[in-house]
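It should be emphasised that the depicted structure is a prediction, and the values quoted were computed from it without experimental measurement. We use all heavy atoms of the structure for the numbers below, so side chains are in, but hydrogens, waters and symmetry mates are not. The chain is numbered in sequence order, starting from 1.
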Amino acid sequence: MPAVFLRDRSFLRVTGAEAESFLHNLITTDLASLGTNEARPGALLTPQGKILFDFMIWRDGPGFLLETDAEQRDGLLKRLTMYRLRAPVDFAAVDTEGVTVAWGENAAESRKDSRFAKAGITLTRTPGQHGDDAEALYRTLRIANGIAVSGPDFALQDTFPHDVLMDINGGLGFRKGCYVGQEVVSRMQHRGTARRRVVIVSGSADLPATGTELTVGGKPIGTLGSTDGAKGLAIVRIDRAGEAMAADTPILAADREVSLMLPAWSGLSFPTASDEASA
């Protein structure tokens, strides 16, 4: 299996005597339980609980590396610096360009991506180029396993962590105390109010373009994200999708009928009217 170079990824290094406590009290990831060979998703939220920046984070000696989209890096660095105040923490943009993701026989002795681990796949992330520019192979793997990324799959500042399954894939810590946006996240978790979720979309032919609305009876229930031929990802209202499926009402992407499936590793199911009535 391949080792794929993703050139649009960049890194920030966070060091200092209080690097862990600083980040732990600011971002969504529970760093106290983060292993030395594990890369977990994380986010810095708005006070309203929406994703402002997203990243992968792993331990780097006494500090941490944050891997994020290259277009986000400078903004994330500026925001972290704003929160630092007098804390003994240092931030530095890392010169290394891109990250190599590898799985199967090519999985390196590097940090294992916890999102794919939930799906039973060992996928590692290594800074720099150690593979080919074959991003389509990685996109196919992401879509098949319901792994959403900002940009093609969801918009920053418009998406809650639950929408992209961060409550299940290791990106949200529920026992770590306060962080920016934590009250909203906790309320959604305890009330079970998350209704927008990542789904895997399947069609009988190639799916339409990213950004196409998914509709039921002419009403939108979500938006198509990454696509790979007849497969794709979308974030949809799973309560409305569940009602449509129970009533055998077609779900359309443009004028094409599609089927939806929640990632098996999520343990989620589509609610029905009876589920809503008993909630």
Side-chain angles (χ1 to χ4, degrees), residues 3-45 51-103 106-118 121-131 135 138 142 147 149-150 156 161 164 166 169-173 175-177 179-180:
V4 175
F5 178 57
L6 308 177
R7 66 174 59 253
D8 61 348
R9 306 295 287 176
S10 293
F11 293 89
L12 291 175
R13 178 171 283 114
V14 183
T15 57
E18 295 183 10
E20 181 160 342
S21 60
F22 170 82
L23 288 172
H24 188 76
N25 295 327
L26 184 64
I27 67 174
T28 61
T29 317
D30 183 357
L31 297 183
S33 62
L34 180 65
T36 56
N37 67 339
E38 181 183 12
R40 282 190 197 169
L44 178 59
L45 306 182
I51 299 173
L52 183 60
F53 298 98
D54 69 327
F55 43 81
M56 300 297 296
I57 184 169
W58 63 78
R59 294 185 182 277
D60 180 52
F64 296 87
L65 274 183
L66 277 66
E67 175 207 324
T68 191
D69 186 275
E71 293 185 357
Q72 292 186 47
R73 188 185 70 176
D74 291 346
L76 177 58
L77 176 59
K78 183 177 180 180
R79 185 57 63 105
L80 291 174
T81 303
M82 182 186 76
Y83 279 113
R84 176 173 55 186
L85 300 177
R86 293 189 175 88
V89 181
D90 295 309
F91 312 107
V94 180
D95 290 337
T96 302
E97 178 180 303
V99 69
T100 299
V101 294
W103 61 98
N106 285 322
E109 289 296 326
S110 191
R111 277 71 174 185
K112 297 177 181 178
D113 189 325
S114 70
R115 301 171 302 171
F116 286 91
K118 293 285 185 180
I121 296 170
T122 299
L123 180 140
T124 59
R125 311 186 74 88
T126 306
Q129 183 167 8
H130 311 282
E135 292 193 32
Y138 179 62
R142 281 200 308 102
I147 310 294
V149 296
S150 62
L156 297 174
V164 292
M166 289 183 68
N169 69 14
L172 283 179
R175 299 180 179 179
K176 56 175 288 185
Y179 53 87
V180 177

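Although no hydrogens or angles enter the test, the distance criterion places a donor-acceptor pair under 3.5 Å between the side chain of Thr100 and the main chain of Gly128. When atom types are taken as modelled, the side chain of Arg111 and the backbone of Arg125 share no donor-acceptor pair closer than 3.5 angstrom. Counting only distance, with no hydrogens or angles, the side chain of Arg175 and the backbone of Asp30 share no donor-acceptor pair below 3.5 Å. A distance-only check finds a donor-acceptor pair linking the side chain of Thr68 to the backbone of Asp54 [under 3.5 Å]. Side chain of Thr15 to backbone of Gly63: no donor-acceptor contact under 3.5 angstrom is found.
When all heavy atoms of Thr29 and Lys176 are compared, the pair lying nearest together is O-NZ, 2.6 Å. Taking both residues in full, the closest heavy atoms of Asn169 and Ser114 are given as O-OG, 3.3 Å, listed atom of the first, atom of the second, then distance. Here the closest non-hydrogen pair linking Ser10 and Arg73 is CB-CD, 3.6 Å. Between Leu156 and Ser150, the closest heavy-atom pair is CD2-CB, 3.9 Å. Residue Trp58 comes nearest to Ala39 through the heavy atom pair CE3-CB, 3.4 Å, listed as atom of the first residue, atom of the second, then distance. The minimum heavy-atom distance linking Arg13 with Asp60 is given by the pair NE-OD2, 2.7 Å.
Ion pairing between Arg59 and Glu20 holds under the 4.0 Å rule for side-chain N and carboxylate O.
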Derivation of the side-chain contact (heavy atoms from CB on, under 4.5 Å) call for Arg115 and Val149: CA-CA 11 Å; Arg115 301 171 302 171; Val149 296; 4.3 Å; yes
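Residues Leu80 and Leu26 form a side-chain contact, since some pair of their non-hydrogen atoms from C-beta on lies under 4.5 Å apart. Using a 4.5 Å heavy-atom cutoff, the side chains of Leu123 and Lys112 are not in contact. At a threshold of 4.5 Å between non-hydrogen side-chain atoms, the residues Leu76 and Phe55 count as touching. Met56 places none of its side-chain heavy atoms less than 4.5 Å from the side chain of Val99. In this structure the side chain of Ile57 reaches within 4.5 angstrom of the side chain of Leu23, judged on heavy atoms. Using a 4.5 Å heavy-atom threshold, the side chains of Phe53 and Ile27 count as separate. Side-chain contact check for Asp113 versus Trp103: every heavy-atom pair is 4.5 Å or farther apart.
A distance of 9.5 Å separates CD of Glu97 from CG of Asp8, quoted to the nearest 0.5 Å. Separation of atoms CG (Leu44) and CZ (Arg79) is listed at 7.0 Å; rounding is to 0.5 Å. Considering CG of Leu65 and OG1 of Thr96, their distance stands at 8.5 Å, rounded to 0.5 Å.
With no hydrogens or angles considered, a side-chain donor-acceptor pair links Arg40 and Ser33 at under 3.5 Å.
Of the listed residues (Phe11, Phe22, Phe64), just one forms a ring pair (Phe, Tyr, Trp, His ring centres under 6.0 Å) with Phe91, and that residue is Phe22.
More than 12 non-hydrogen atoms from other residues, nucleotides or ligands lie less than 6.0 angstrom from CD of Glu135.
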